[in-house]
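I have placed the structure first, in the form of structure tokens, so that the comments after it can refer back to it.
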Amino acid sequence: MKRNIQLLNGWWDYRIGDGEFTKKRVPYSDFATGFAECRLNFDKAVSTEGKRAFLVFDGITYAADVTFNGKALGTMLPYSEYRYEITDLIGERDNLLDVIVRDTEVVFGPAEGWENYSGITRDVYIEYTEADILDTVFWHAELSDDLKAADCTLEIKTDGTAKNYAVEVTLTEPTGRVAFSDTLPLPADGCVKFPCEYPSLWSPDTPTLYSLSVTLVADGKACDTYATRVGFKKLVAGKKRFYLNGEPFFFIGVCRHDIFGDQGHVMTEEQMYMDMRMIKDTGANYVRLVHYPHHKKILEIADELGLFVSEEPGLWFNDVKNEEIFNSSLEVLRRVVVRDRNHVSVAFWLSFNECIFTPEYLTAAAKVCRENDPYRMVSGANCMDEKMTKEHFAACDLDFYSMHPYTWDTYRFVQLAQYLDDKPLFFTEWGGYHVYDNVNYLKSSIDRIAELWHNPDNGPVLAGAAIWCWAGVYEFNRAAPACYHGVLCEGLVDNYRRPNLGLAVFTKYFKKIKTPKAINKYLHKSEFEADGNYAPVSLDGIANTEAQSAAWCEMMAESAKPIPRFYYDARKLRVMKNGPTLPEKVMSLGALPVDLLQKPIVININAPFELEIGKAVDGLCLIGNVSMPCGFPIGGKFGELAATLTLSYADGSQVDIPLRNGQEITTAAGWYGPSRINPVASGAPRALKIINDMDREHYVANLFRVDANSNVALNKITVSTAADTYQLLLYGVTVKEK
């Protein structure tokens with residue numbers, strides 16, 4: 001029942017062009033030569049009487065024509081597994097396998113983004129099987145909503161001549177306990193279903209793997225067995241986030257080439273494991289396998305260590321309008337999906353990398369993925385602009401957005417998250433030479449990423465990020481700062497996996513993703529006594545209007561005007577990426593109950609404030625009493641009238657209360673040019689200190705208490721500014737009830 005393997009690795013005859021044959025050890029990965037010929041003479045290792053023989057290539061670069069005993073078997077595309085039945089061709093002695101490997105002139109395969117290697121890069125072997133075999137076995141488990149049960153499905157295709165097929169299925173837990181075992185008839189559609197109760201779930205923190213064994217029984221005789229390790233997980237996309245096993249999940253990732261040092265694409269299993277173990281030890285939970293299918297052993301290691309992976313077909317700034325590139329990339333994509341879809345570590349499929357994509361290609365690639373694996377998400381690794389991205393990703397029904405924001409300004413991260421806001425947003429690349437050997441910018445980039453992850457769902461959210469890149473690779477004909485002396489130096493480690501400066505920073509700082517609050521936002525709330533019965537008044541109806549939206553934009557524009565007294569442009573501009581918003585909901589200031597808006601109401605000459613009260617009260621508290629930007633000590637004369645608070649009573653009387661600069665009103669800005677400042681109002685103590693960006697944005701808010709005539713119902717309060725220089729902010733109103 002177990003397939004016999006005859007490994008054909010080892011010393012082959014090899015020549016470049018029509019030169020003399022020498023010896024070459026297969027697998028090999030060597031400099032491109034144009035084309036080379038590889039030959040092997042071998043004897044059959046297993047009798048094929050009543051059996052079958054399949055010649056298998058696990059991968060070549062970049063194209064290969066295969067001939068066996070004078071019979072042309074076909075042409076292989078790069079990085080992909082190919083199987084050829086040779087039952088009727090193989091002899092007992094002196095079989096000749098001839099492979100013509102082509103590289104530099106191949107239309108699909110060689111790329112500009114890294115050094116290209118030619119070769120038979122992975123194992124070559126013959127599988128000897130029985131006459132009836134399992135052609136494919138596709139495992140899938142659908143978890144219940146409460147994650148306490150799973151419906152398991154095996155989609156099985158057979159190849160043979162038997163009249164009746166059945167399958168013996170055994171699913172075994174890591175402890176050795178059998179979760180399911182039975183012999184089931186194989187239906188005409190090949191789908192076998194069985195239950196599993198209380199499955200142990202796979203995640204990066206708990207990479208639990210089950211052993212699956214499927215034995216084909218043909219006309220009552222066991223004839224072929226498929227064995228692998230599988231896992232149970234539920235990974236889905238919400239509106240802005242991914243959810244793993246019911247919990248929000250952020251992909252902390254690196255971009256990894258399947259290249260090591262001077263070895264090209266040929267790595268030992270020990271090197272592969274070391275590489276993936278090093279990545280896991282950084283705290284990463286995801287490896288983007290760029291930009292082509294990697295060695296199948298990498299998937300097994302990812303399953304075991306608890307590392308999500310994604311795979312892609314080998315595109316890098318290719319013209320997907322070219323018919324050969326279009327069709328070849330789809331075929332490589334199809335082959336890798338079929339090869340690796342049983343691995344629990346596969347998070348999703350990426351249909352392209354950094355191409356000027358077309359809707360025709362996106363649609364066709366998504367179809368290939370979903371036809372062969374309808375249970376996983378599909379997207380791409382994208383560097384086009386956000387407008388094109390939003391239009392085409394939506395029209396072609398990709399499951400999430402991706403972007404490559406290489407930038408010196410991390411606010412670009414925020415802008416992308418604000419615009420691409422109806423699907424999860426994934427930075428499938430970021431960093432590069434911008435963060436290489438620049439630990440401060442690496443830290444601030446990670447801070448911004450963490451901030452976006454921790455934002456509430458009504459704000460800009462980022463769902464995952466994979467740093468470019470994990471390890472250096474050779475890349476000639478590209479200049480500094482990305483490359484030096486022919487080596488891409490942007491990695492956390494070099495091409496031999498020796499640490500660069502960024503490795504320790506990446507390892508330390510990405511732990512912030514798991515902290516409960518945003519890193520760059522800070523809120524200090526003052527403590528106040530409540531000498532009576534206080535109740536907040538909702539301002540939602542006033543805040544959620546077009547007039548308020550216009551007033552906010554006007555305030556932000558006014559606040560962003562250059563400051564005349566400063567000479568340098570960097571000092572002149574008051575950069576406000578968040579504005580004076582609260583990073584979280586505030587419901588109390590010590591013993592004083594409040595219900596504060598996260599984005600305050602703006603009161604200016606064109607937008608006075610009016611709030612209905614409609615009952616007798618002993619007093620009220622205004623939380624805000626700041627102006628942006630004008631206000632003490634930044635602008636306006638001390639003591640001048642900034643605004644008027646009017647209390648209007650049911651008996652027709654009204655009381656006007658002055659709000660004066662530096663006495664009841666200050667500026668909201670806690671910084672001025674290069675300096676932090678301390679705005680103080682003698683008649684309105686500090687209520688909040690807000691830091692929305694540790695580098696720049698510091699704000700304050702005050703609390704102003706007002707006594708009221710409790711003998712008459714207070715109909716309403718109004719606030720009107722005295723001049724267009726003042727734009728008051730109000731976060732909330734709390735009344736002291738009678």
Query - is_close_aromatic(Phe251, Phe400), centroid dist under 6.0 Å - result: no

Report task. State, to 0.1 Å, how close Val461 and Asn455 come at their nearest heavy-atom pair, and which atoms those are. Result -> CG2-O, 3.9 Å

Query - Any donor-acceptor N/O pair, Arg288 side chain to Thr428 backbone, under 3.5 Å - result: yes

Report task. Would you mind reporting whether Asn544 and Lys599 have side-chain heavy atoms less than 4.5 Å apart? Result -> no

**Report entry** Given Ser559, Pro633, Cys630, the one that forms side chain to side chain contact (heavy atoms under 4.5 Å, CB included) with Thr667
**Finding:** Pro633

**Report entry** Asp656 versus Thr646, side-chain donor and acceptor atoms under 3.5 Å
**Finding:** yes

**Report entry** Min side-chain heavy-atom separation Leu442-Tyr509 under 4.5 Å
**Finding:** no

**Report entry** Smallest separation among heavy atoms of Met576 and Trp671, with atom names
**Finding:** CG-CH2, 4.0 Å

Query raised in the report: Is the count of non-hydrogen atoms from other residues, nucleotides or ligands lying under 6.0 Å from Ile563 atom CD1 greater than 12?
Result: yes

**Report entry** Under 3.5 Å: donor-acceptor pair, side chain of Asn318, backbone of Trp316
**Finding:** yes

Query raised in the report: When rounded to the nearest 0.5 angstrom, what distance separates CG in Asn702 from OH in Tyr731?
Result: 10.0 Å

Report summary line: Nearest heavy-atom approach of Asp399 to Arg370 is OD2-NH2, 2.9 Å

Query raised in the report: Is there side-chain contact between Leu244 and Pro204, with heavy atoms separated by less than 4.5 Å?
Result: yes

Query raised in the report: Side-chain contact, heavy-atom cut-off 4.5 Å: Lys738 with Lys615?
Result: no

Report summary line: Exactly one candidate in Tyr406, Phe427, Trp453 meets ring-ring contact (aromatic ring centres under 6.0 Å, His included) with Phe413; the answer is Phe427

Report summary line: Scanning both residues in full, the closest heavy-atom pair of Val602 with Ala551 reads CG1-O, 3.7 Å

Query raised in the report: For the ring pair Phe242 and Phe249, is the centre-to-centre distance below 6.0 Å?
Result: no

**Report entry** Whether Glu354 side chain and Ala381 backbone form a donor-acceptor pair below 3.5 Å
**Finding:** no

Query raised in the report: Do side-chain atoms of Asn661 reach the backbone of Gly636 as a donor and acceptor pair under 3.5 angstrom?
Result: yes

Requested in this report: Mark yes or no for whether Ser710, through its side chain, and Val617, through its backbone, hold a donor-acceptor pair below 3.5 Å.
Outcome: no

Query - Check: Tyr433 main-chain N/O paired with Glu490 side-chain donor or acceptor under 3.5 Å - result: yes

**Report entry** Spacing of CG belonging to Leu647 relative to CD1 belonging to Ile657, to within rounding of 0.5 Å
**Finding:** 4.0 Å

Requested in this report: Give a yes or no on whether Lys234 atom NZ has more than 12 heavy-atom contacts from other residues, nucleotides or ligands under 6.0 Å away.
Outcome: yes

Report summary line: Rounding to 0.5 Å, atoms CG (Leu362) and CG (Asp397) come to a distance of 11.0 Å

**Report entry** Phe510 and Phe506 aromatic centres sub-6.0 Å
**Finding:** yes

Query raised in the report: Run the side chain to side chain contact (heavy atoms under 4.5 Å, CB included) check on Val655 and Tyr649 step by step: do they pass?
Result: CA-CA 9 Å; Val655 177; Tyr649 291 96; 4.1 Å; yes

Report task. State, yes or no, whether a side-chain contact exists between Leu398 and Lys423 at a heavy-atom distance under 4.5 Å. Result -> no

Query raised in the report: How far apart are the closest heavy atoms of Asn715 and Glu612, and which atoms are they?
Result: O-OE1, 3.4 Å

Query raised in the report: Rounded to the nearest 0.5 Å, how far apart are SG of Cys355 and CG of Asn382?
Result: 10.0 Å

Query raised in the report: Yes or no on side chain to side chain contact (heavy atoms under 4.5 Å, CB included) for Glu429 and Cys255, after CA distance, side-chain angles and deciding distance?
Result: CA-CA 7 Å; Glu429 287 179 26; Cys255 295; 3.9 Å; yes

Query raised in the report: Between Asn285 and Ile252, is there a donor-acceptor pair closer than 3.5 Å when you use the side chain of the first and the backbone of the second?
Result: yes

Query raised in the report: Shortest non-hydrogen contact from Glu737 to Ala535?
Result: OE2-CB, 3.6 Å

**Report entry** Between Phe528 and Tyr534, ring centroids under 6.0 Å
**Finding:** no

Query raised in the report: So how far is it from Arg705 CZ to Lys736 NZ, rounded to the nearest 0.5 Å?
Result: 8.0 Å

Requested in this report: Give the intermediate values and the outcome of salt bridge (Lys or Arg N to Asp or Glu O under 4.0 Å) for residues Asp421 and Lys390.
Outcome: CA-CA 9 Å; Asp421 63 349; Lys390 192 162 193 172; 3.3 Å; yes

Query raised in the report: Between the side chain of Lys511 and the main-chain N/O of Gly283, is any donor-acceptor distance below 3.5 Å?
Result: no

Query raised in the report: So do the side chains of Asn606 and Asp724 get within less than 4.5 Å of each other, counting heavy atoms only?
Result: no

Query raised in the report: Quick one: does Thr410's side chain get under 4.5 Å of Tyr441's, heavy atoms only?
Result: yes

Query raised in the report: Does the Thr363 side chain pair with the main chain of Pro359, one donor and one acceptor, at a distance under 3.5 Å?
Result: yes

Requested in this report: Please report the C-alpha distance between Leu703 and Ser526 in whole Å, then the side-chain angles of each, then the deciding distance to 0.1 Å, and finally whether the side chain to side chain contact (heavy atoms under 4.5 Å, CB included) criterion is met.
Outcome: CA-CA 10 Å; Leu703 185 141; Ser526 301; over 6 Å; no

Report task. Flag the pair Phe426 / Tyr286 as yes when their ring centroid distance falls below 6.0 Å, and as no otherwise. Result -> yes

Query raised in the report: If you draw a 6.0 Å radius around NZ in Lys585, do more than 12 non-hydrogen atoms from other residues or ligands fall strictly inside?
Result: yes

Requested in this report: Begin with the C-alpha distance, continue with both residues' side-chain angles, and end with the deciding distance and a verdict on side-chain hydrogen bond (donor to acceptor under 3.5 Å, both in side chains) for Asp422 and Tyr401.
Outcome: CA-CA 9 Å; Asp422 58 328; Tyr401 294 119; 2.7 Å; yes

Query raised in the report: Is there a donor-acceptor pair closer than 3.5 Å between any side-chain N or O of Lys240 and the backbone N or O of Gly459?
Result: yes

Query raised in the report: Is there a side-chain contact between Tyr419 and Asp385, using heavy atoms and a 4.5 Å cut-off?
Result: no

Query - Inter-residue atom distance Trp430.CH2 - His404.NE2, 0.5 Å rounding - result: 13.0 Å

Query raised in the report: Which residue, Asn604, Ile603, Leu729, forms the side chain to side chain contact (heavy atoms under 4.5 Å, CB included) with Met555?
Result: Leu729

Report task. Show your reasoning for whether side chain to side chain contact (heavy atoms under 4.5 Å, CB included) applies to Asn438 and Trp408. Result -> CA-CA 11 Å; Asn438 188 343; Trp408 290 110; 3.8 Å; yes

Query raised in the report: Can you tell me if Thr407 and Arg412 form a side-chain donor-acceptor pair at under 3.5 Å?
Result: no

